[in-house]
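Note sheet for the following structure.
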Amino acid sequence: MSSGEEFGSVKSSSYDFLSIERKWQKKWSDSNAFVVSENSSREKCYVLEMFPYPSGSGLHMGHAFNYTIGDIFSRFKRMSGFNVLYPTGYDSFGLPAENAAIKAGVNPKNFTDSAITKFISQQKALGLSYDWDRTLKTSDPEYYKWNQYLFLKLLERGLVYRKKASINWCSKCSTVLANEQVHNGACWRHLDTPVELRHLEQWFIKTTEYADELLNYVDSLQWPERIKSMQKNWIGKSHGTNIIFDINKKFWTIFTTRPDTLFGITFLVVSAQHPLLSDFVVTKQKKSVDSFLRKIRSTKQEDVIDLEKEGVFTGSYAVHPLTGENIPVYAGNFVVADYGSGIVMAVPAHDERDYDFAKKYDIPIKIVVQPKEKKIVPKSLSEAFIGEGVLVNSGSFNGLDSVVAREKITEFLISEKKGGRSVQFKLRDWLVSRQRYWGTPIPVIYCNSCGIVPVPVKDLPILLPANVTFGSGNPLESSDIFVNTKCPRCNSAARRETDTMDTFFDSSWYFLRFANNKNFKAPFDKKIANYWMPVDQYIGGAEHACMHLIYARFFVKALRDIGMVDFGEPFPRLFNQGMIHGVDGFVMSKSRGNVIDPLDSISKYGADSLRVFLISVASPDKDFSWSDTGMESSNKLVQKIFLHLSNVSIGKTSSVDASRINSAIKTVTKNIEQFKYNMAIICLRELFENIGDELSSDDLSSCIRVISPFCPHICEELWELHGFQGFASHSSWPSCDDSRIDNSLDAKENLVDQIVKDIYHVMELNKIRSCEKITIFVAEPWKFDLFSSVKKLLDDSRDVGFILRKVLIGDMKKQSPEVSRLVPLLIKDTKKVSGVILSQNEEFEVLKKSNKIISEKCGSKEVLVIKSQESSDPKARKSLPGKPALLIE
RNA sequence: GCGAGAGUAGCAGAGCGGUCAAAUGCGCAAGCUUCAGGAGCUUGUCCCUCAGCGGGUUCGCAGGUUCAAAUCCUGCCUCUCGCACCA
């Protein structure tokens, strides 16, 4: 009973989380607590979060969530004995900094650097266990020098080239974009700004060279299914046939996946964006084609999504490779210019798009594949039949199954030298040049006599000039000192490339630099990179599925083939965290005004509480909504744990507690490994709900250690408070001793709970006020110490001035006469007996007898509660005499 | 349209063949505590009934497999995300 009082007095106070957190953050920092080296006999584990773009507004809740997930994992792995590399850095080049800097009138460098400083302090406030010695920023010449180096390496390898192409231009960014950066026809940073098509000469990286490998190895990755399917889709491999058509005495290749429908071609369509469209346009048709092109250009991008298929006859005819028929060639708005050859063969009977087009322009429809079940005729055809069937109207191929016919016709075309097998990808080469300032200068020089000349490695880095004019066009062009140079080959006057690199170039190899960030001779040392890489656990959002994650995979494969690393996949394991929504259920965003600043939460509740909250609402891979009450509840949990463990006295752990602790260790270990952090918190919640005030030193240490990945600060404090040596963060992960787990504990606890509830019923029935002293007898035949458990629960609840007397009855089956004697005696001897609680294993006859005696001897105020686990005959029970008696099973 | 994922109590969210009327948190209700408020503690919270036992109906909808389904299969509906005329 006294313990309850003690506990209550402590509860009312709250701990000073701010000073505790500051204290330990400083100690970790001062002692370089999480700095690692590769010279370790321990197994390595590389945990990495996608490094942030350091925006001026600082760390947002999504970052905090992301890093909490990674930090818990890192701390867990570290404690589990791994040599853990857990670094962070800053993807600090990029347009937002440049734009913000222009707006605020400061240099992007200053802007970025102060943003990074802010970021670092916020990350430290979260208690993240980074190796701060390995930090990097991509805008640092010491970093981008190696961007330039690697660019030259790729150039040397033939993986970088320059070409004039139809490219995507964002007017808001005033730069070109890569295919991957065009979302829904708009710029990925400006979803309200449709991209414009421009014809410009740009730098490309041959990602398509690795298309097959990028696709094939997706399946070997332990990534979320969703991301894998997005990548596969993006790479988009199709098998088909190239067919050669003669148009105006020139030969053109056309790609199709349905060579079986070759005899059904009634027209061809050239993309309206096709660079050689004019080759097809005859003089007579020039006017109408031109007006069609004008119309397309004036079409607003937002209407493109459900644009009607339109086209115009070019005046040219193609010769059908097998029948020799003349086929009209159209220009059309629905043909993708840079897929295949930008020209498609149209089979309106068996392709929806071709069908729509043919209907609109009244072009004949010819059926060449008949479905097996129901015959179709052109007249009644209301939509294209795109399924498989049997070939008709196809010369010698009639009667073949369409799947077979694809093969046969392709073979025939090959034998006739009129085609061949082909594989097409949706993946395009990566356009890496950008017409902006705040990025890595592309290390190339244009010389009038030598042409494109790579900058010699000894001249790297090509530094970004400080004095440039922001405003119109590429700022780098405004710097004469930068632009004007000498040709490294012939020493004559030459011009520097003024384009900078897409910042995705920077993030395609940063994980390699973390392994060896102080290397001044090379981007990284091969041996060291091979030691740490690949990243054992990568953590980040899903938005990079088709951008960063493709580029980085490509990069590593290219570096492998150049001989710089020995592995082909940078991130075998990827975890995607969910999105955080505001209290209103919408994604947290400034424009919605539902943003919660992590720092506000930290100053109100502490970092440990915030960390717990972020991972306890839902499984970390799912979206969840912020909730103030949830945040408070997490804070209460952290306080409770801290205060309870602070007050634990060192002694002997009860067997019940030992069981609880060990099974919690087991569960939490499993949960962390599977990223089910929310379940781990539930398990810990239950543990600290029940655990006693006296523990052995070892068990107390286990309790602290098992929560330390989640709440590192309070754990360090508790660790020190109880005199353990070193950092809790450096201690070993507690191991589970199965022999101390009592599997029947749950059942026992349930029984105790039940009895306590029975007691409340007794009180209720008797209208017992809490201030009254009453006596309750617990008769217990159990082997374990039920009595003390019940007593403890009642004591802790502090509700009632119970006098609880222990009555040992033993095995009631054998002692029914004794029970019969005992019960009335108890009642007689005690003035205010309100209840007698008997427990399990009684024979029904015993109950009946006892009950009868009681009801005879007692007034209506007395109650008999019989707790029975082995069910007696329910029918007989109903007929039990005497009221009010409780019979609880 | 194609691809992926999801639909569980007032809400959030576990469970993914039996131990499920379903963890945990929030919310709500009652009791205790308190000068009061807050906090804290205890209990309850699908429906009926009860002091308890018990019974009924549930896990998007409709079927099916099974001795047994929230969990497996089929169809449908709804939602979220990604790609978007890729021939």
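Chain naming here is simple, since letters A, B, ... match the order of the sequence lines and numbering starts at 1 in each.
For A:Leu643 and B:rA39, the CG to P distance is 17 Å, given to the nearest whole Å. If you take NZ of A:Lys228 and C1' of B:rG5, they are 15 Å apart, rounded to a whole angstrom. Here the C1' atom of nucleotide B:rA39 and the NZ atom of A:Lys640 are 13 Å apart, to the nearest Å. Atoms CG (A:Leu221) and C1' (B:rA4) sit 17 Å apart, rounded to a whole Å. When the P atom of B:rC83 is taken as reference, atom CD of A:Glu543 falls 12 Å away, rounded to whole Å. B:rG1 atom C1' lies 10 Å from atom CD1 of A:Ile386, rounded to whole Å.
For an aromatic pair to be called close, the ring centres must be under 6.0 Å apart, and A:Phe624 with A:Phe65 satisfies this.
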Listed pairs, N/O of protein and of nucleotides 19-28 of chain B, under 3.5 Å:
| from | atom 1 | to | atom 2 | distance (Å) |
| --- | --- | --- | --- | --- |
| B:rG25 | O3' | A:Ser633 | OG | 3.2 |
| B:rC26 | O2' | A:Thr629 | OG1 | 3.0 |

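To the nearest whole angstrom, the two P atoms, one in B:rG52 and one in B:rU43, are 16 Å apart. Nucleotides B:rA12 and B:rG17 place their C1' atoms 27 Å apart, quoted to the nearest Å. The P atoms of B:rC85 and B:rG60 are separated by 36 Å, rounded to the nearest whole Å. With both ends at atom P, the span from B:rA87 to B:rC16 equals 40 Å, rounded to whole Å. A distance of about 16 Å separates the C1' atoms of B:rG15 and B:rG25, rounded to the whole Å.
Under 4.0 angstrom from either OP1 or OP2 of B:rC83 there lies no side-chain N or O belonging to A:Lys232. Contact check, A:Lys622 against B:rA14: a side-chain N or O comes under 4.0 Å of OP1 or OP2. An OP1 or OP2 oxygen of B:rA87 is reached within less than 4.0 angstrom by no side-chain nitrogen or oxygen of A:Lys426.
Remark: A:Arg428 engages A:Asn179, A:Asp338, A:Tyr339 in a side chain to side chain contact (heavy atoms under 4.5 Å, CB included) (not counting sequence neighbours). Residues passing the salt bridge (Lys or Arg N to Asp or Glu O under 4.0 Å) test with A:Glu686: none are found, sequence neighbours excluded.
Atom NZ of A:Lys228 is surrounded by more than 12 heavy atoms from other residues, nucleotides or ligands within 6.0 Å.
In summary, A:Glu632 and A:Lys604 do not engage in a salt bridge, as defined by a charged side-chain N under 4.0 Å from a carboxylate O.
Applying the salt bridge (Lys or Arg N to Asp or Glu O under 4.0 Å) test to pairs two or more places apart or on separate chains, none has a residue in residues 179-189 of chain A. Pairs passing the salt bridge (Lys or Arg N to Asp or Glu O under 4.0 Å) check and including a residue from residues 609-626 of chain A, sequence neighbours excluded, read A:Asp71-A:Arg611.
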Extract all donor-acceptor atom pairs below 3.5 Å that involve side chains of residues 670-684 of chain A and protein atoms in other chains or at least two apart in sequence.
| from | atom 1 | to | atom 2 | distance (Å) |
| --- | --- | --- | --- | --- |
| A:Asn671 | ND2 | A:Thr667 | O | 3.3 |
| A:Tyr677 | OH | A:Ile69 | O | 2.9 |
| A:Tyr677 | OH | A:Phe73 | N | 3.4 |

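Each of A:Gly340 and A:Ser625 was matched to the nucleotide of RNA chain B holding its nearest heavy atom; the match closer to the 5' end belongs to A:Ser625. Mapping A:Tyr339 and A:Ser229 onto RNA chain B via the closest heavy atom, the residue that lands nearer the 5' end is A:Ser229.
In the set B:rA4, B:rA12, B:rA87, the nucleotide with an atom closest to the side chain of A:Val617 is B:rA12.
Pair assignment for B:rG17: none, as no Watson-Crick or G-U wobble contacts are both less than 3.5 Å.
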